[in-house]
Amino acid sequence: MPDNCLFCKIIRGEIPASKLYEDDDVLAFRDIAPQAPVHILVIPKKHLSGPVAVTEEDERVVGKLMRVGNEIARKEGIPHYRLVFNNGAQAGQTVFHLHMHILGGRHMAWPPG
Ligand code: 5GP
Ligand code: ZN
């Protein structure tokens with residue numbers, strides 16, 4: 001499955017992306033269809049199909065998504081931001097590689113749509 005996974009292809013450099021941060025565990029890049037003035041995705045380099053696939057061995061890297069996200073939000077100048085993980089098609093998941101959305105730069109309504 002990772003062979004055909006869009007985000008695995010971005011990790012491997014087979015599809016270009018506007019990358020903001022990368023290390024051995026995670027990659028952050030701008031969303032191609034931003035839903036807010038700042039819209040960034042932070043993903044683990046390990047292929048996990050989504051939140052439902054996270055196990056105990058992934059806890060460190062999943063926590064790192066948030067820490068890296070904090071640093072990116074600070075650099076992007078958005079002290080107020082929303083983090084979103086969609087799990088499953090009905091919840092809005094379209095890419096089945098775990099990703100954390102960082103959305104900011106505008107007022108965020110609640111409840112979400
Ligand atoms: P989901 O709907 O699965 O939670 O989020 C997937 C996100 O990936 C969407 O916000 C979508 O705009 C973004 N996306 C889809 N294809 C690409 C792509 O090729 N490059 C980038 N940078 N983002 C993408
Ligand atoms: Zn993948």
Side-chain angles (χ1 to χ4, degrees):
M1 187 156 86
D3 286 354
N4 295 320
C5 170
L6 178 65
F7 287 174
C8 284
K9 287 181 180 174
I10 287 176
I11 290 165
R12 292 196 296 266
E14 294 168 15
I15 292 175
S18 176
K19 297 180 184 177
L20 298 171
Y21 177 82
E22 181 168 17
D23 64 24
D24 288 345
D25 299 315
V26 304
L27 174 66
F29 53 97
R30 293 194 192 280
D31 197 291
I32 204 168
Q35 301 301 309
V38 176
H39 188 174
I40 292 160
L41 302 172
V42 191
I43 68 174
K45 288 196 168 175
K46 175 182 175 181
H47 178 88
L48 295 162
S49 64
V52 73
V54 172
T55 66
E56 200 172 348
E57 72 177 47
D58 306 312
E59 286 177 0
R60 182 187 63 84
V61 168
V62 171
K64 190 168 181 176
L65 298 178
M66 192 174 288
R67 181 179 64 72
V68 166
N70 290 341
E71 290 170 18
I72 290 170
R74 183 174 47 75
K75 285 184 186 150
E76 292 286 316
I78 50 164
H80 301 186
Y81 55 88
R82 180 168 293 173
L83 303 179
V84 175
F85 290 87
N86 293 321
N87 188 75
Q90 195 174 4
Q93 188 177 6
T94 59
V95 177
F96 287 80
H97 179 124
L98 180 67
H99 51 282
M100 183 181 78
H101 296 258
I102 306 172
L103 295 144
R106 66 166 169 82
H107 175 75
M108 294 287 160
W110 192 264

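Along the sequence shown, residues are numbered consecutively beginning with 1. All heavy atoms count here, side chains included; hydrogens, waters and symmetry mates do not. All ligand and atom numbering here is 1-based and tracks the order in the structure.
Below 4.0 Å from some heavy atom of H99 lie the following atoms of ligand 1, by number and element: 1 (P), 3 (O), 4 (O), 5 (O), 6 (C). Near V95, meaning under 4.0 Å from any of its heavy atoms, are these atoms of ligand 1: 3 (O), 6 (C). Close contacts between ligand 1 and L6 involve ligand atoms 15 (C), 16 (N), 17 (C), 19 (O) [criterion: under 4.0 Å to a heavy atom]. Annotation for ligand 1: atoms under 4.0 Å from non-hydrogen atoms of A33 are 12 (O).
Only side-chain heavy atoms of F29 come within less than 4.0 Å of ligand 1; its backbone N, CA, C and O stay farther off. Using a 4.0 Å cut-off between heavy atoms, I32 contacts ligand 1 through both its backbone and its side chain. At a heavy-atom distance under 4.0 Å, only side-chain atoms of F7, from C-beta outward, approach ligand 1. In Q35, neither the side chain nor the backbone holds a heavy atom less than 4.0 Å from any atom of ligand 1.
From the protein, the heavy atom lying nearest to atom 2 (O) of ligand 1 is G92 O, 2.7 Å. Of the protein's non-hydrogen atoms, R30 O, 2.9 Å is the one closest to atom 22 (N) of ligand 1.
More than 12 heavy atoms of other shown residues, nucleotides or ligands fall within 6.0 angstrom of atom CE in M108. For CD of Q90, the number of neighbouring non-hydrogen atoms (other residues, nucleotides, ligands) closer than 6.0 Å is 12 at most.
Listed here is the closest heavy atom pair of H39 and A33: ND1-O, 4.0 Å. Taking both residues in full, the closest heavy atoms of P44 and L98 are given as CD-O, 3.2 Å, listed atom of the first, atom of the second, then distance.
Among Q93, H101, K19, the residue whose heavy atom lies nearest to atom 4 (O) of ligand 1 is H101. Between atom 11 (C) of ligand 1 and the options I43, T94, D31, I15, the minimum heavy-atom separation is to D31.
Vertex the Zn ion (ligand 2); arms to C5 SG and H97 ND1; angle rounded to 10 degrees, 110°.
Proximity of L83 to I102: side-chain heavy atoms (C-beta onward) are separated by under 4.5 Å at one or more points. When side chains are defined from C-beta on, K45 does not count as touching V61, because their heavy atoms never get closer than 4.5 Å.
Here the N, O or S atom of H47 that is nearest to the Zn ion (ligand 2) is ND1.
For H97, the ring pair (Phe, Tyr, Trp, His ring centres under 6.0 Å) criterion is met by H47, not counting sequence neighbours.
A salt bridge (Lys or Arg N to Asp or Glu O under 4.0 Å) with D25 is found for exactly one of R67, K46, R60, namely R60.
Ion pairing between a basic and an acidic side chain is recognised when a charged N comes within 4.0 Å of a carboxylate O; E71 and K75 show no such pairing.
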